[in-house]
Amino acid sequence: MDKLLSRINSNNFEVSFKQTRKDKLPPVVTRIALLVTTEYEGIFRNGGIGTYYRTLSERLAAEDFYVVLLLCQSQKKFDGESTIPAVKHIFSTSECMDVLELQPTHLAILSQLQDGEWVDYESYCALFFAQAITSTFPNTYTYIEFPEMLGLGYRTVQAKRSRVLGENCVVAVTLHSGQEWLQEAHASYTHSHPDWFWQTSHYEQYSFEQADLAFFLSHFLKKKVEKYGWKTSHALHLPYCFSVIEQPLKTITLRNDLQRLVDQDKIPLVFFGRLEERKGLFTFLEAIELLESNIIEKVHIIFLGKNVELQAEGLQGLDSQQYIKQKLGSNCYTIVTDLFSQEAIRLVNLLRCAIVCLTSSQENFPHTALEMGQLPVSLIVSDTGGFRETLNLIERTGGVRWFIPENVRSLAQAMIQAISAYPEKFGVPMREFLHFVNQRLLNQRFEYMKQAFCQTATSPTSYLDKSEPRRWILGMTSIDEQLFLENYAQNEYSGRGEIVELGCWFGSSTISLVMGLEANSCVTNKNQRIHAYDIFIWCSLANMPQSVIGTSLEGKYKDGDSFLDEYLERINPWSHLIHVHPGDLAEIGWQQGEIECLFIDAMKSWELTNSIIKNFFPYLIPEVSLVIHQDFAHYYTSWIHLIMSRLREYLVPIEHLFIYSSRAFRYVKPIPNELLQNSYSFDSFSETEIEAAFDYSLEITPQKMQPNILAAKVMHFIHIKNFEKAKLEFKESTAQLDYLEWMELADVQKIAKMYYSIDLLS
């Protein structure tokens, strides 16, 4: 099959929509999203992945994405028609040959697949739809997302890596519930087709590891797949946006049997979730059997979830309803299996102070907890990673009782406590807070998507935010620098000290740091841990106008204007994590305790340099703190090299991929007070020390950026008005460099001519 895929690439056999379908498509769209899934709430009666894709489609549509839904494992044919407002077109893989203009190569691929190779069939059909989308809209950025389950994205990811889908396409895979985890979570479940199982597991792993974007919803499942041998270092933690349940819920007309549940006097004890082993059905039923009769008499048990055929050894042939009847006999219970997710939520909300049990032995990032956590119901929850992470996201703590996963007695005890305390009063998350959390997650998703488009496109003309062309996050930092800061804040920052950012402009470094901090699972106290300093005054000499050309900010500010409002708007989704210090940092100083990370983009003069050394360096933590000089390889700030050479015993460069003009150092031991309190200037350094300082900087700088250090050395002699020495250094530098490496030196020549009337080439 891989050879056939290669033929598609080498022979350039395009896939398109048939003309009758193509006529119904718009000639141009700004940006398009193809969502591929086996479930979608509103078409199927389910939650979980179906709810995830419904919510994702709504969020993307609200951001002006043209959303197309492709349903796998569905025999229903839609012909592109959709009655769902967020989705422009719906197709199923079963109508692949009906709506797509396939070439003989494609038909040959499908014809060779046997009945047992249905996963391959679905995967190829998904690829052909992706090809049709990208060929129909070749100049449009296309976002394609798959779940990892069943490896539905396997062929599409292969095609993207083989450049079959072009440069304007990003393929994402989100970790939901792969075969290996499902087998483990079902405990005694044994697969009857091991070859199929391992082949499908390989497809899932490959898709996740090789996609342009790989998202995991919970750290719990990420650790699981790592144990299976999956590579996850590239994966991004991104809980999904969820439906905010507005109160009061809309009035609905319930069926008579459901209305009787609402009207009854007994305590509603609800099992909420698919009625299967993995969701804890067996544990729940065994816990019920441990309850005393006087407790059972007080409750009416409601099973609210999809009826399925059981897979556990010895129970094949039984479905959930049959097994429940076998276990509970004549006990008072009701099974409700055929509700859409929103109908089920409304029913629970209408019940009289329900006690809801979420009993899965393992969970990824359960939507059930997001939904039930918003309602004023008592919760009995399995203390497994996914539930903890989900309820923590929405800060639901009141009325929650945790029990040991799969521990029948622990669950029974939690039931007794909840029933004894019935009815309870507690607070639930405020709607405004939930909307804020959702918006923050959505913003984070779009930042990741911008980054991915920027990395995959060779000559992009626009990005997801058309007001910011050619940039991932608008700023004077490169994508590599932004990624470095985000990775540090997520994976290395311990929370022992604060993160201090000196010079943030429009917030590209702030947002990078805060996105990392937000995803950091080890730091619990995150509020206002990032301290952002900037004077927030527009200055043409600082290259600000040139840096916003082609954006919505072009021409907005003139010299002397404050742009603090724009900065605050850009960081607004994370404002609770950031303490903004507007003004002159030399006057504001620092009195907040230890500093674990000091990002410096403000050493623009000797005055600022001395202020930073005196006011911020004393709070660094030996063997812990990181100091990042964003201007280390910038031609103008030559004093940084003198200072870092003088302090080389205390601040040691760390190994990292070079990131534009930045250099990171580890603070290894305390700087003596006399070095901290000095007032440095060019006069503080001898000629010998100056030469040694630039030699040291060249030594710790990768070769491709050494021309920048040479330019900074030339600039040093211009700063001290030793123009003859500047000319000599300039000629020696240009003689050893290719003209393509002259960019920073050319800037120095420009400065020399403009401000000193000196021609360094003369």
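Counting from 1, the numbers follow the sequence of the chain as shown.
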Atom CZ in Arg396, atom CG in Leu391: separation rounded to 0.5 Å?
7.5 Å
Decide whether a cation-pi geometry holds between Arg59 and Phe65; the criteria are a distance under 6.0 Å from NZ or CZ to the six-membered ring centre and an angle within 45° of the ring axis.
no
Between Tyr52 and His367, is the ring centroid distance below 6.0 Å?
no
State, yes or no, whether a side-chain contact exists between Gln205 and His202 at a heavy-atom distance under 4.5 Å.
no
Report the distance from atom OH of Tyr323 to atom CG of Leu285, rounding to the nearest 0.5 Å.
6.0 Å
Does a side-chain heavy-atom distance below 4.5 Å link Ile43 with Leu69?
yes
Salt bridge or not between Lys279 and Glu363? Use side-chain N to carboxylate O under 4.0 Å.
yes
May I ask you to check whether Glu145 and Thr174 show a side-chain donor-acceptor distance below 3.5 Å?
yes
Please name the pair of heavy atoms, one in Gly151 and one in Ser123, separated by the smallest distance, quoted to 0.1 Å.
O-OG, 3.8 Å
Would you confirm whether Asn491, through its side chain, and Asn520, through its main-chain N or O, come within 3.5 Å as a donor-acceptor pair?
no
Could you check whether Ser57 and Tyr40, counting side-chain N and O atoms only, form a donor-acceptor pair closer than 3.5 Å?
yes
So, Glu486 and Gln490: side-chain donor and acceptor under 3.5 Å apart, yes or no?
no
Determine the minimum heavy-atom distance between Glu95 and Ile90, stating which atoms define it.
OE2-O, 4.2 Å
Calculate, to the nearest 0.5 Å, the distance between atoms CZ and CD belonging to Phe282 and Glu277 respectively.
4.0 Å
Might you confirm whether atom NZ of Lys231 has over 12 heavy atoms from other residues, nucleotides or ligands at distances under 6.0 Å?
no
Check whether the side chains of Gln210 and Arg161 place a donor and an acceptor atom closer than 3.5 Å, and report yes or no.
yes
Quiz question: by atom type and distance under 3.5 Å, do the side chains of Thr93 and Glu122 form a donor-acceptor pair?
yes
State, without any angle test, whether Glu41 and Thr51 hold a side-chain donor-acceptor pair at a distance under 3.5 Å.
yes
Note: Thr359 and Ser382 closest approach over all heavy atoms is C-CB, 4.0 Å
Any Val173 side-chain heavy atom under 4.5 Å of Ser207 side chain:
yes
List in chain and number order the residues that pass salt bridge (Lys or Arg N to Asp or Glu O under 4.0 Å) with Asp319, two or more places apart in sequence or in another chain; answer none if no residue qualifies.
none
Excluding sequence neighbours, so at least two apart, what forms side-chain contact (heavy atoms from CB on, under 4.5 Å) with Lys222?
Phe216, Glu226, Thr232
May I ask you to test the Leu70-Leu35 pair for a side-chain heavy-atom distance under 4.5 Å?
no
Taking the six-membered ring for Trp, are Tyr206 and Tyr154 parallel (under 30°), tilted (30 to 60°) or perpendicular (over 60°)?
perpendicular
Pairwise side-chain contact, Phe220 with Thr384, heavy-atom cut-off 4.5 Å (strictly under)
yes
With sequence neighbours excluded, tell me which residues meet side-chain contact (heavy atoms from CB on, under 4.5 Å) with Lys76.
Ser74, Phe78
By side-chain contact (heavy atoms from CB on, under 4.5 Å), which residues pair with Asp64, not counting sequence neighbours?
Arg31
Can a donor-acceptor pair be found between the side chains of Glu180 and Trp230 at a distance below 3.5 Å?
yes
Once rounded to the nearest 0.5 Å, what's the spacing between atom NZ of Lys306 and atom OG1 of Thr337?
10.0 Å
Please confirm whether the backbone N or O of Ser320 pairs with a side-chain atom of Asn307, one donor and one acceptor, at under 3.5 Å?
yes
Glu655: which residues meet the salt bridge (Lys or Arg N to Asp or Glu O under 4.0 Å) condition with it, sequence neighbours left out?
none
Ring centroids only, cut at 6.0 angstrom: are His237 and Tyr448 within range, meaning strictly under it?
no
For the residue pair Val119 and Leu150, what are the closest heavy atoms and their distance?
CG1-O, 3.1 Å
Residue pair Lys88 / Ser82, side-chain heavy-atom distance below 4.5 Å:
no
Which pair of heavy atoms, one from Leu127 and one from Ala159, lies closest together, and at what distance?
CD1-CB, 3.4 Å
Stepwise, does the side chain to side chain donor-acceptor pair (under 3.5 Å) test hold for His89 with Tyr66?
CA-CA 9 Å; His89 304 285; Tyr66 194 88; 2.6 Å; yes
To the nearest 0.5 Å, what is the distance between CD on Glu309 and CD on Gln322?
9.0 Å
For Ser94, enumerate each residue passing the side-chain hydrogen bond (donor to acceptor under 3.5 Å, both in side chains) test, keeping only those at least two apart in sequence or located in another chain.
Ser92
Decide salt bridge (charged side-chain N to carboxylate O under 4.0 Å, His left out) for Asp98 and Lys18; before the verdict, give the C-alpha distance in whole Å, the side-chain angles of both, and the deciding distance to 0.1 Å.
CA-CA 8 Å; Asp98 298 333; Lys18 290 188 175 180; 5.9 Å; no
Any side-chain heavy atom of Val171 sitting closer than 4.5 Å to one from Tyr143?
no
What distance do Arg388 atom CZ and Ser218 atom OG have between them, rounded to the nearest 0.5 Å?
14.0 Å
Is the shortest side-chain heavy-atom distance between Ile84 and Arg54 below 4.5 Å?
no
So, Tyr53 versus Phe146, ring centres under 6.0 angstrom or not?
no
